[in-house]
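To start, the structure itself, in structure tokens.
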Amino acid sequence: MAISSSSSSSSSLSLSLPFQFRFSLKTQTRRNFPCVTAVAAASGEVPLLQVNDLRAKIVESNLEILKGVNLTVNRGEVHAIMGKNGSGKSTFAKVLVGHPDYEVTGGSVVFKGENLLEMEPEERALEGLFMSFQSPVAIPGVSNDQFLAMAYNARRKKLGLPELGPLECFSYLMEKLQLVNMKVDFLNRNVNEGFSGGERKRNEILQLAVLGADLAILDEIDSGLDVDALRDVASAVNKILTPENSLLMITHYRRILDLLKPSHVHVMDNGKIARTGDLSMVDAIEADGYEPVSALL
Amino acid sequence: MSGIALIPAPCNLLTASSSSSSKFQKTITTKTRVSLNNAISISSDPFVLELAEALEDSVPTPQPLHNLREASSESLLSSSWPSRRDEPFRFTDLSFLRSSQILPAPIPAPTPTITPFSTSQFPCHVSIVDGHFVSSLSEISEFPDGVYVGSLSNLNSNLNSIVAERVLELVCGLENGDLFWSINGMGAPDLTVVYVPEGCRLQTPVHLGYFSSQGSKDGSNALYLSNPRVLVVVEKGGEVDIVEEFSNDEENENECYWTNAALEVVIGEGGKVRHSYIQTQSPLAAHIKWTSVRQESSSTYELTEVSTGGKLGRHNLHIKQLGPETVTELSTLHLSVGNQTQDLHSSLVFDHPRGYSRQLHKCIVTHSQGQAVFDGNVKVNRYAQQTDAGQLTRSLLLEPRATVNVKPNLQIIADDVKCSHGAAISDLEQSQLLYFQARGIDSETARRVLIFAFGGEVIDKFPYSSIRDKVRSQIKSLLDPSSK
Ligand SMILES: Nc1ncnc2c1ncn2[C@@H]1O[C@H](COP(=O)(O)OP(=O)(O)OP(=O)(O)O)[C@@H](O)[C@H]1O
Ligand SMILES: [Mg+2]
């Protein structure tokens, strides 16, 4: 496994505990993560995602990109991360899903009470973590419906539900296609192959709609979308959102923020969350750029 | 279109292999003509002499093939067994043939006990057992007048003399052949003929099912050799689909035998042949195959090949464009899932203006002792102006010691051509694997799907869905034996 956690405190959490035991774990969680305790005590619940002093480097070059990220996302919250190009936003998202290009060198990430960093990428996904890629890769030779059916059945299996046959699966996919306003022929095409920039983004949201998630991380889902597409995507995301699940979006633009209304806005700078505020902070950024906002730290 | 454009594809070198080698060779040479010395020098290689003798005694010379046999025997007797020092066999180990006792397969019973083909969904089906056309296992559908599908000996007795004459005139090309071509010419007990007259477009494909009924058990030194030989002639404007299937009789799934097959294809002006070739012989077998194609002007030849069988699989594919505006498309997939070698040596010669070719060769090696070899030569001679030739080879190495040796080479003498070639050797793309995992699909499954998709590009080119389905399920079970 390319991602390994150097934080020894987190390794005492067992992944294999059945669901019922998770709440009894709380005390242990508190002991290991003092920071969790404070927030959890306030809301009376373990946060959905708790990132503590997360550090990560690029495996190939040993270059450190994340330099101590702290972030807490509770159930039902909508967060946005903004920040200069190259500040580490996508790297943060990719480290969370377990991308093998990066190695975690410090800190901890607890997702739904479990140590996320010890899980394989597919376990993270099945646990309910979804990330839409900033540039989704094309997979020649694998059709979109085949891919979606495999992913959906893997999820059903995890939930203890029987796998769906091709026909049932198809009607389920049709329903979700409508949700994101996509044409049927996208199902027959190979995954992202020859898709326009906007089509790729829509396809990511289709996957989110099909699979569902406790936490959806959307990395620049709005970049390259025309006005109508942006509205489609935002309305699909709003339909998928419930008080139980949360959203973390990465963006450079105000328009999607107005549509999805984050309660927390973070500014990332040089591998750290430099500042956290609400939507009003976006006005300052749009007016004066990132420098003064980050400098306030 | 001017000048020479060489566009090498990105080459993601060797994540999976330390012992593999990838070599590019782009040669632009002047044409040289070597005049052959006419004197026959008898080979001093006792192994070859013994083999020639055994072949000589094996089957009575069929009269119409007398000349072929004579010429082949002459050339065989003057050859020696290829060694690793000979360029065409540099990466291909033939020692297991050499250390065996080669026995020409005896003539099969009139109704051999072979589990018949499951693919007899083709109305026209020819069974060739140990090199012999077996009419009791064949079904020749009603064809338009002038079409002939059957053995050469039956053709003669039918007094179909014009066709017979034409066939004899075409059989026997020794040009460019190697030792194995000569062995086939000498040992072929008969010739299976597919003849399509001028202007005739056959609607149904001709399915050729090849079997080896004689095999020896693993560990035995005896190796039965059969030499099936087929000639396809399509006259001016004619069209036919040929499906060649070399498979394994369920009875002798794990037996040793050596199939040394030869197919000659002659396509007249404006004619078209779509050729499907599927090789799934026993994992202990040797499969050496020649496909020699001569294309007249404006003709089309399309080959789709998937080879997965044999301990040693070698395909020699030689194509000559004999007139302008000729089209050649080759798509081949080789899979090595065990201790086996899959080898494609192809040669495509352009001699006339405005020729077109596309060649895609893919190999997958999933075993540490598995090997793939590709030598792809494209020669664009002086008068072949405005040739458009493309060649691409991609190899997937999935085990640390898996090996591939690829040598794409272009020889361009004409000066107004568009040629491209590329070679890439890689493991699976990490970013693609992660994409599956990020959607909850485990890496094992993701790998399997990606490997399968890699091969799918070639499989999709088979013109019949029944073949595509069959090959897909066969490859699936080779890649994932547990799913069987
Ligand atoms: N796999 C990688 N290999 C090399 N460099 C990388 C890799 N991943 C990230 N980087 C570098 O790390 C830095 C952060 O990149 P990242 O993609 O996280 O930025 P970002 O904040 O998402 O920027 P943008 O707003 O442009 O999307 C950049 O300088 C980038 O070049
Ligand atoms: Mg980014």
Side-chain angles (χ1 to χ4, degrees), chain A residues 1-3 59-60 93-94 96-102 119-133 135-144 146-159 190-193 200 203-204 206-208 210-213 216-217 219, chain B residues 9-10 12-13 15-16 304 306 331 333 335 360 362-364 392 394-396 398 422 424 426-462 465 468-469 471-473 475-476 479-480 483:
Chain A
M1 203 175 84
I3 305 277
V59 173
E60 214 175 73
K94 287 193 268 183
L96 290 182
V97 297
H99 198 293
D101 281 358
Y102 310 97
M119 299 184 206
E120 294 292 334
E122 64 267 28
E123 294 170 332
R124 302 178 192 203
L126 292 174
E127 206 49 58
L129 182 64
F130 180 95
M131 178 190 72
S132 75
F133 288 81
S135 340
V137 67
I139 313 208
V142 179
S143 69
N144 227 2
Q146 182 194 355
F147 183 78
L148 286 165
M150 283 175 73
Y152 184 53
N153 276 327
R155 181 118 179 104
R156 287 180 66 91
K157 198 170 157 199
K158 164 84 180 178
L159 296 172
N190 288 337
V191 181
N192 294 324
E193 194 180 38
R200 286 185 188 217
N203 200 36
E204 294 289 287
L206 173 64
Q207 293 175 8
L208 171 62
V210 167
L211 299 175
I217 304 172
D219 190 356
Chain B
N12 318 332
L13 270 176
T15 357
T304 308
V306 172
S331 313
L333 170 67
L335 178 63
L360 170 69
K362 290 192 153 184
C363 339
I364 305 173
L392 180 67
R394 289 194 57 200
S395 310
L396 261 191
L398 300 168
S426 63
D427 194 353
L428 292 172
E429 290 284 336
Q430 283 297 331
S431 56
Q432 294 183 343
L433 274 176
L434 179 83
Y435 199 66
F436 279 84
Q437 290 177 281
R439 301 301 176 242
I441 301 160
D442 67 275
S443 57
E444 263 315 300
T445 309
R447 283 180 79 81
R448 241 184 354 254
V449 172
L450 284 172
I451 297 166
F452 196 71
F454 176 88
E457 193 179 355
V458 172
I459 299 172
D460 286 346
K461 304 228 166 158
F462 281 118
S465 66
R468 290 193 295 269
D469 292 345
V471 170
R472 274 194 204 111
S473 75
I475 293 213
K476 229 173 223 153
L479 292 176
D480 179 20
S483 76

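Proteins get letters first, then strands, A, B, ... in listed order; numbering begins at 1 in each. Nothing here was measured: the structure is a model prediction, and the numbers come from that model.
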Among the options A:Ala151, A:Pro136, A:Ala138, pick out the one with the most heavy-atom pairs lying under 4.5 Å from chain B.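 Of A:Ala151, A:Pro136, A:Ala138, A:Ala151 has the most heavy-atom pairs under 4.5 Å with chain B.
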For residues A:Ala125 and B:Ala438, report the shortest heavy-atom separation together with the two atoms involved.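 Distance-wise, the nearest heavy atoms are CB-O, 3.3 Å.
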Which pair of non-hydrogen atoms, one from B:Ala453 and one from A:Pro140, has the smallest distance, and what is that distance?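 Scanning both residues, the minimum pair turns out to be CB-O, 3.5 Å.
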Validation row: B:Glu429, A:Val137 side chains within 4.5 angstrom (heavy atoms):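 SC-SC contact between B:Glu429 and A:Val137 ruled out.
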Side-chain touch B:Leu434/A:Lys94, heavy atoms, less than 4.5 angstrom: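 No, every pair of side-chain atoms sits at 4.5 Å or beyond.
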Could you tell me which portion of [X] (side chain, backbone, both or neither) has an atom closer than 4.5 angstrom to a non-hydrogen atom of chain A?
| X | answer |
| --- | --- |
| B:Leu450 | side chain |
| B:Phe436 | both |
| B:Gln432 | both |

Distance (rounded to the nearest 0.5 Å) between A:Lys157 NZ and B:Asp442 CG: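 Rounded to the nearest 0.5 Å, the NZ-CG separation comes out at 7.5 Å.
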Where does [X] contact chain B at under 4.5 Å (heavy atoms): side chain, backbone, both or neither?
| X | answer |
| --- | --- |
| A:Leu211 | side chain |
| A:Val210 | neither |
| A:Met150 | both |

Is the NZ or CZ atom of B:Arg439 positioned over A:Phe130's six-membered ring, under 6.0 angstrom from the centre and within 45° of the axis?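 Yes; both conditions hold, so B:Arg439 lies above the ring face of A:Phe130.
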In terms of the angle between their ring planes, are A:Phe147 and B:Tyr435 parallel, tilted or perpendicular, with boundaries placed at 30° and 60°?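 Rings of A:Phe147 and B:Tyr435: parallel, as their planes differ by under 30°.
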Positive for side-chain contact (heavy atoms from CB on, under 4.5 Å) with B:Gln437, one of A:Glu123, A:Glu122, A:His99: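 Single pass found, and it is A:Glu122.
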